[in-house]
Amino acid sequence: MEMSDRYDPSEVEQRIYAWWQSSNYFRSEDVSTKPPFSTILPPPNVTGSLHLGHALDHTIQDVLVRWKRMSGFNTLWLPGTDHAGIATQSVVEKKLKKEGKSRQDLGRDAFVDEVWSWKEQYGGRIVEQMKRLGDSCDWDRHVFTLDENVSQAVKKVFVQLYEKGWIYKGTRLINWSPSLESALSDLEVDYKEVKGNLYHIRYDLEDGSGSLTIATTRPETLLADTAVAVNPDDERYASFIGRKLKLPLLDRSIPVIADEHVETEFGTGALKVTPAHDFSDYEIGKRHNLEMINMLNKNGTLNEAAGEYAGLKVFEARKKVVEDLEAKEQLLKTEPHTHQVGHCSRSGCVVEPLLSDQWFVKTEHLAEPAKRVVESGTITFEPESWTKTYLHWMDIIQDWCISRQLWWGHRIPAYYCEQGNVTVSEGQPTECAVCGSANLKQDEDVLDTWFSSGLWPFSTMGWPEETETQKTFYPTNVLVTGHDIIFFWVARMIMAGLEFKKDVPFRKVYIHGLIRDAQGKKMSKSTGNAEDPLELIDEFGADALRFTLMAQIASGRDLKFSKQRLEGYRNFMNKVWNATRFALGAFDGFDASKIEPGTVLNSNDLSDPDQWIIHKIGQCEAEVDAALSSYRFSDATHAVYSFVWHELCDWYLEFIKPVIYGEDSKEKTATQTVLVQVLNRAVRLLHPFAPFISEEIYQKLPIKGEACIVDTYPTPKNDKDWLEMGSETVATELDLVREVITAIRNIRGENRIKPGVEIKTVLAPKDDKSQKILGGNKEYIRSLAKVGELLIQPDVDMNKSAVTPVRMGDLSVEVVVPLEGLVDFAEEVKRISKNIEKLQKELGSLSKRLSNENFLKNAPEDVVTQGKKQMEDLKTQIESLEASKLRLS
RNA sequence: AGGGUCUUAGCUCAGUUGGUAGAGCGCCACCCUUACAAGGUGGAUGUCGUCGGUUCGACCCCGGCAGGCCCUACCA
């Protein structure tokens, strides 16, 4: 079997993925004896292409799903895509525009057909990209938010809520996007700081007896003013209350009213009231029964209510109004003013508050139980801190504007007769519910995309039919998503789940951070700092990308994506690959046919390194298990990384080389057996994070099951007997050997002894046990530290030698390397002095602590005894170093 | 304005019940040693933002301050 010395992911990944899929390994069963584990994929927009945010979100889910699948669960990861009303409609409109057409030219039906054909052609792109990342979704269950059964669910929910009175139609002030010509929900508005002006405008009293000055950032809206408000306690304006003002430019008569809402401190303390174009003015208007004048057309231009300003765009009107006021000397002052302005999160245009007829979901009764399930802990957030944010939002939740003036989406199932009576129905009604008229027209509007998304956990499982899928997999175990859509989506799923399934949609919400660039800025296409995950996969491999994301993610925190780290983990994949190359070479002539992953060997046949590595992989498994169980992904990857690289590769593979290349066949067979078992286990451990390379290697090993992806996930509970071959005692003993080797290497390095030079070393053990351990591992020390003559004897002549004391628990040994003729002693004196200094510093703070009576009195006994013992050790070590330093000078 | 969160090695970040700190990358030196130069061995590096409190002892707990980020709500 030929293996290149560089791991080439591009060759491996697509082949492996196709094989997994054709083998149906991603499939979940509606009926199974296995315990269920389910999660639903937050459906990406069909227009989307995979960005790093998806990559992070999906990798977390895939890690959980693969881990659970390997842990024996009937695992469902339910994929889907979202029709994304505005986004998709915009894409197709742009395409039409290039052809010189508009959606209006085509008409509704033809346009919707056009969108569908666009969706058929390009809508699968993101799914293909998800496969590149390795997402192990149950693709047979893929759902699109406009699929027939989802539409059925949407209609049923709409009708039920309508019948309960929880969906209503009303004329209210809503956020309007002039460029989309559609209503938006509160959540779809982003507030951005904008530098503008505060204009001070004089409003004259009708009777000519005086004037009042207001301050506004939007002078053009005065055209729709219907009052000026002052604070009732503001003495400056007390005499104005109840009198009439002449509205500048239009000369309409408007009253001065008193309202608590007005801040006396801001501006002039007098507020122009435009109830139809400002949210707080709207409230004032309602309180005082003011006329509401709408001065805007749907496209954001001014209408006939604006008189001669009709037809202008808002910003043009503002300019002209200011000029005209100036000409009439009614503009008294213009001062720079920075304030927050709402922008459409989709188109970026400035949002206009607009009075219009829309459909709303009344949220108070839905929010109440949705709050309770989080308060009671039925649903928990990870990290927990999001609980507070969620509850706060549920406290201040407003009714949800769900109608959108678009053509692409779930059309509102409401029908009107000529008289304007409303019939709401799941199917096409034949007659008006009020007047019986057969002439019915369906509402032109569609529903907010999030309306259908909110039903996702059960609409994807066949609801409203009672399906086996729901019985088995609802509620889902966990929902993984970013904090940007907690309110858009998570909250609404909880409300809908409780209302329609009478149960929570998931038990756990894992909230991850957002991806930022190396400078900490939000990644976005427009700023050009977005890394394309597909390019990263091409260059570094999907495994490396996944591993990087998992290593970088820290509990709920945003993460700064680091390409350097990606490179590092690409190197790690290569390391794993090459370790396998070595191992496969080491299996030459090895008969693995009778070996199982859990086959236990006679412990007499095992070398210390064999027992050590088994012990270490057991520890690693425990760490990974604990980390994954509590969603600490970076800890899990770190445990695997450090085991594979620093324990398996750095030490174990080096330890066994003399055995593998040696002649002792019994010893060799034992080591080969352990090696193949450890590697098999290690790639299974690695699999959720790096599925491709682990599967590829798994298949190359002489012992294996059908596929890594469906093999058992190693934990300390699996193959207990096998893990027990790894003894902690032996592990500690071998740690002494490793320390000795490091000490010799350090002496070599610091004294600049060339790697080619074989040195003589004397090990002076301080006790019988150390003597025995070192004796037993003599060959390892010789080969790993490049020692020629190695003596182990309690008494040694330390004259003109480098000396390093080594301790490991109760074990103690002095490493002595005679330097005569090898090097200049000056370097060694320097080295020893450095060590002494270090130890003395430690001793200093330790003895200070131990001489504190209060410490001795109050600290726990074991801390004190440990400190005392440590101090003795330090003293001994320093003494021996001082002695050898003396002998050199 | 209110709330949240963060400030640890040059960079990015770990640090799970308080016992003076770790990783990766980067850096320095030496090495193409028969798995891997995307590698090996060794090495250097931190008054843990600041001030104060609790404690025998604080990166960790409490409070003030400074700075960064995020969210919510806004004064027109």
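Below, all heavy atoms of this structure are taken into account, side chains as well, without hydrogens, waters or symmetry copies. Note on naming: letters A, B, ... go to the chains in the order of the sequence lines (proteins, then strands), and numbering restarts at 1 for each one.
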* Using only heavy-atom distances, determine whether the side chains of A:Glu827 and A:Asn751 contain a donor-acceptor pair under 3.5 Å. => no

* Using a distance-only test with no angle check, is there a side-chain donor-acceptor pair under 3.5 angstrom linking A:Arg6 and A:Asn578? -> no

Is the shortest side-chain N to carboxylate O distance from [X] to [Y] below 4.0 Å?
{"X": "A:Lys834", "Y": "A:Glu837", "answer": "no"}
{"X": "A:Asp395", "Y": "A:Lys371", "answer": "yes"}
{"X": "A:Lys838", "Y": "A:Glu842", "answer": "no"}
{"X": "A:Arg831", "Y": "A:Glu750", "answer": "no"}
{"X": "A:Glu352", "Y": "A:Arg218", "answer": "yes"}

Taking [M] as the reference, what is the distance to [N] when you measure between their [atom1] atoms (whole Å, please)?
{"N": "B:G15", "M": "B:C6", "atom1": "P", "value": "10 Å"}
{"N": "B:U12", "M": "B:A73", "atom1": "P", "value": "32 Å"}
{"N": "B:A44", "M": "B:A1", "atom1": "P", "value": "49 Å"}
{"N": "B:U7", "M": "B:C25", "atom1": "P", "value": "23 Å"}
{"N": "B:G52", "M": "B:C70", "atom1": "C1'", "value": "29 Å"}
{"N": "B:U41", "M": "B:A23", "atom1": "P", "value": "14 Å"}
{"N": "B:U55", "M": "B:G2", "atom1": "C1'", "value": "34 Å"}
{"N": "B:U45", "M": "B:G22", "atom1": "P", "value": "14 Å"}

Side chain of [X] - closest among [options]:
{"X": "A:His261", "options": "B:A38, B:A44, B:C75", "value": "B:C75"}
{"X": "A:Lys754", "options": "B:C75, B:C31, B:U72", "value": "B:C31"}
{"X": "A:His638", "options": "B:U12, B:G43, B:A23", "value": "B:A23"}
{"X": "A:His339", "options": "B:A44, B:A76, B:G19", "value": "B:A76"}
{"X": "A:Glu750", "options": "B:A14, B:A44, B:G43", "value": "B:G43"}
{"X": "A:Pro755", "options": "B:G4, B:C30, B:C56", "value": "B:C30"}
{"X": "A:Asp5", "options": "B:A37, B:G40, B:A29", "value": "B:A37"}
{"X": "A:Ile396", "options": "B:G42, B:A76, B:U72", "value": "B:U72"}
{"X": "A:Glu263", "options": "B:C75, B:A38, B:U12", "value": "B:C75"}
{"X": "A:Thr389", "options": "B:C71, B:C30, B:U16", "value": "B:C71"}

* **A:Lys668 side chain to A:Val659 backbone, donor-acceptor under 3.5 Å** => no

Could you please name the partner base of [N], counting Watson-Crick and G-U wobble pairs only when both distances are under 3.5 Å?
{"N": "B:U47", "value": "none"}
{"N": "B:U12", "value": "B:A23"}
{"N": "B:G42", "value": "B:C28"}
{"N": "B:U5", "value": "B:G68"}
{"N": "B:C36", "value": "none"}

* Sub-6.0 Å ring centroid separation between A:Phe689 and A:Phe633 -> no

Nearest-Å distance for atom pair [atom1]/[atom2], residues [X] and [N]:
{"X": "A:Asp650", "N": "B:G39", "atom1": "CG", "atom2": "P", "result": "11 Å"}
{"X": "A:Trp386", "N": "B:G4", "atom1": "CH2", "atom2": "C1'", "result": "8 Å"}
{"X": "A:Lys786", "N": "B:U33", "atom1": "NZ", "atom2": "P", "result": "9 Å"}
{"X": "A:Glu567", "N": "B:A23", "atom1": "CD", "atom2": "C1'", "result": "18 Å"}
{"X": "A:His646", "N": "B:U41", "atom1": "NE2", "atom2": "P", "result": "9 Å"}
{"X": "A:Asn751", "N": "B:C30", "atom1": "CG", "atom2": "P", "result": "15 Å"}
{"X": "A:Arg581", "N": "B:U34", "atom1": "CZ", "atom2": "P", "result": "12 Å"}
{"X": "A:Asn574", "N": "B:G40", "atom1": "CG", "atom2": "P", "result": "11 Å"}

Is there a side-chain polar atom (N or O) of [X] under 4.0 Å from OP1 or OP2 of [N]?
{"X": "A:Tyr390", "N": "B:G3", "value": "no"}
{"X": "A:Trp645", "N": "B:G40", "value": "yes"}
{"X": "A:Asn858", "N": "B:G57", "value": "no"}
{"X": "A:Asn578", "N": "B:G39", "value": "no"}
{"X": "A:His337", "N": "B:A76", "value": "yes"}
{"X": "A:Lys563", "N": "B:U12", "value": "no"}
{"X": "A:Arg6", "N": "B:A38", "value": "yes"}

Using a heavy-atom cut-off of under 4.0 Å over every strand shown, decide if [X] touches base, sugar-phosphate, or nothing.
{"X": "A:Tyr569", "answer": "nothing"}
{"X": "A:Gln870", "answer": "nothing"}
{"X": "A:Arg748", "answer": "nothing"}
{"X": "A:Asp278", "answer": "nothing"}

* Polar pair under 3.5 Å, donor/acceptor by atom type, side chain A:Lys857, base B:C56 -> no

